[in-house]
There are 2 protein chains.
Amino acid sequence: MSRQQTTELAVLGALSVQPMSGYAVRAAITETLGHFWSESFGQIYPTLARLESEALIVRDADGKTSGSTFRLTPSGRERLVDLLREPITAAPPRNGTLLRLFFGGLLGVEECRAILTEARSRAVAQLAALDAIRHGLEAETAADPDARYRLVTVLAGQHSARAAIAWADESLALLAG
Amino acid sequence: MSRQQTTELAVLGALSVQPMSGYAVRAAITETLGHFWSESFGQIYPTLARLESEALIVRDADGKTSGSTFRLTPSGRERLVDLLREPITAAPPRNGTLLRLFFGGLLGVEECRAILTEARSRAVAQLAALDAIRHGLEAETAADPDARYRLVTVLAGQHSARAAIAWADESLALLAG
DNA sequence: CCGAGCATGTAACACGTTACATGATTGC
DNA sequence: GCAATCATGTAACGTGTTACATGCTCGG
């Protein structure tokens, strides 16, 4: 029971920052929440239509241009806060890499080491990408206290990436010996 | 293109350890892969039926008892290895906790600290649970070299849990100051 | 005999991606 | 004018969970 409504949460959240088009919502989610969230157009547009019909957002036609701009209504903002408050249903964390390594005996040491090496590379790249974002946010924090919340999500990604690197190193050593 | 077929991989993997009933496959996945995988009956039974029709597994009627036992055929084992070798499509890692914290400004410091405290508790509990499993596996490793692969997945969970604890502590300090 | 757990399966629903179709706007 | 990008939407498909329906088996 009780749908997840996570897409609704992400869309309302994006619009809470500033009014924008559906296309821009997608871009904002990809760019800003990209390291822990994703949405496709096939989800976003139907969601926008439903939110509009429930008067949680309104659509302003952009004068002469083709697109439109969606804006949160007061009840939409209330709805967003309600969703934020809702208990977080811990999704089962399906991890394809671990599933493969668990049955690694069927693949052999070398292939498993390759999987680990690749996972390590991805983590190193992500750590570097998040480092750049982090420096920007730390500068912002002085002016905007709310930037701290965004910083918290970046820290999560960095801790997670560092853990992945340490795990890969330890596992590579274990499989080498 | 190219379906994920992750359920198929998990089911074949479970049966590669030993022949068992569908009910037992579900139990094995829940107990052994539980910290990084999950499957429901609604997925398992149709998958077993399909695998049987493709002759990747066979069903042995258990004499007089009601259930049946599924067993990998040689081609089923080949199929499993093929699936293990397939490139891992890194699933977008949707994290509901981070999505909420990102918009934490709308919730306020106290509610965000509560979310972090709860995330920390879950990580502490998981770390302890995995520690018990780890000790068992380390003992097994001497006798069964393949136990190392299972140990690798446990290490992943522990690194991840420790990272979550460190992240929660750092973030709680950040939001306190 | 009765309840707990074993066992199998289906139907309805929710969620999400991909591919497609269509057209406007803008910069070169 | 033409390509890239902005913009909106739909349809088909795949995947996954939940709830339901059904019956067996075994220990107390």
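Throughout, protein chains are lettered first and strands after them, A, B, ... in sequence-line order, and every chain is numbered starting at 1.
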Item to check | Candidates dG16(C), dT8(C), dG9(D) - which lies nearest the side chain of Tyr45(A) | outcome: dG9(D)
Item to check | Euclidean distance, atom CZ of residue Arg94(B) to atom C1' of dT15(D) [Å, nearest integer] | outcome: 13 Å
Checklist entry - Quick one: which of dT18(C), dT10(D), dT10(C) gets closest to the side chain of Ser40(A)? => result dT18(C)
Next on the checklist: Checking the side chain of Ser38(B) only, and the main-chain atoms of Gly34(B) only, is there a donor and an acceptor separated by less than 3.5 Å?
Outcome noted: no
Next on the checklist: Tell me which pairs pass side-chain hydrogen bond (donor to acceptor under 3.5 Å, both in side chains) where either residue lies in residues 123-140 of chain A, with sequence neighbours left out.
Outcome noted: Asp131(A)-Gln158(A), Arg134(A)-Glu138(A), Arg134(A)-Gln158(A), Glu140(A)-Arg150(A)
Checklist entry - Whole-Å distance between dT17(C) C1' and Glu39(A) CD? => result 11 Å
Item to check | Whole-Å gap separating C1' (dC15(C)) and CD (Glu8(A)) | outcome: 14 Å
Checklist outcome for this item: Against the side chain of Tyr23(A), the closest entry in dT8(C), dG16(C), dT5(D) is dT5(D)
Checklist entry - Just checking Arg26(A): base, sugar-phosphate only, or nothing, at a heavy-atom cut-off of under 4.0 Å? => result nothing
Next on the checklist: Just the rounded figure in Å: distance from P of dT8(D) to CE of Met20(A).
Outcome noted: 12 Å
Checklist entry - Between Arg79(B) and Glu8(B), does a salt bridge (Lys or Arg N to Asp or Glu O under 4.0 Å) hold up when you go through it step by step? => result CA-CA 10 Å; Arg79(B) 183 68 202 277; Glu8(B) 187 174 322; 2.9 Å; yes
Next on the checklist: What's Gly22(B) touching, base or sugar-phosphate or nothing? Going by heavy atoms closer than 4.0 Å.
Outcome noted: sugar-phosphate
Next on the checklist: Per the side-chain hydrogen bond (donor to acceptor under 3.5 Å, both in side chains) rule, what does the pair list look like for residues 10-35 of chain B, sequence neighbours excluded?
Outcome noted: none
Checklist entry - Closer than 4.0 Å, any side-chain N/O of Ser68(B) to the OP1 or OP2 of dT8(C)? => result yes
Next on the checklist: Please compare Phe41(B) and Thr7(A) by the position of their nearest nucleotide in DNA chain C and report the one closer to 5'.
Outcome noted: Phe41(B)
Checklist entry - Over how many whole Å does the gap from Gln43(B) atom CD to dG14(D) atom P extend? => result 13 Å
Checklist entry - Between dT17(C) atom P and Ile29(A) atom CD1, what is the distance in whole Å? => result 10 Å
Checklist entry - With a non-hydrogen cut-off below 4.0 angstrom, is Ser21(B) in contact with a base, only sugar-phosphate, or nothing? => result sugar-phosphate
Next on the checklist: From CZ of Arg50(A) over to C1' of dG9(D), roughly how many Å is that when rounded to an integer?
Outcome noted: 16 Å
Checklist entry - Should Thr47(A) be listed as having a side-chain N or O under 4.0 Å from OP1 or OP2 of dG16(C)? => result no
Next on the checklist: Using 0.5 Å steps for rounding, measure from the CD1 atom of Ile57(B) to the CG atom of Leu51(B).
Outcome noted: 4.5 Å
Checklist entry - Between dG16(C), dT8(D), dT17(C), which one does the side chain of Phe70(A) approach most closely? => result dT8(D)
Checklist entry - Within the pair Arg59(A) and dA7(D), is there a side-chain N or O less than 4.0 Å away from OP1 or OP2? => result no
Checklist entry - Nearest-Å distance, CD1 (Ile44(B)) to P (dT18(D))? => result 13 Å
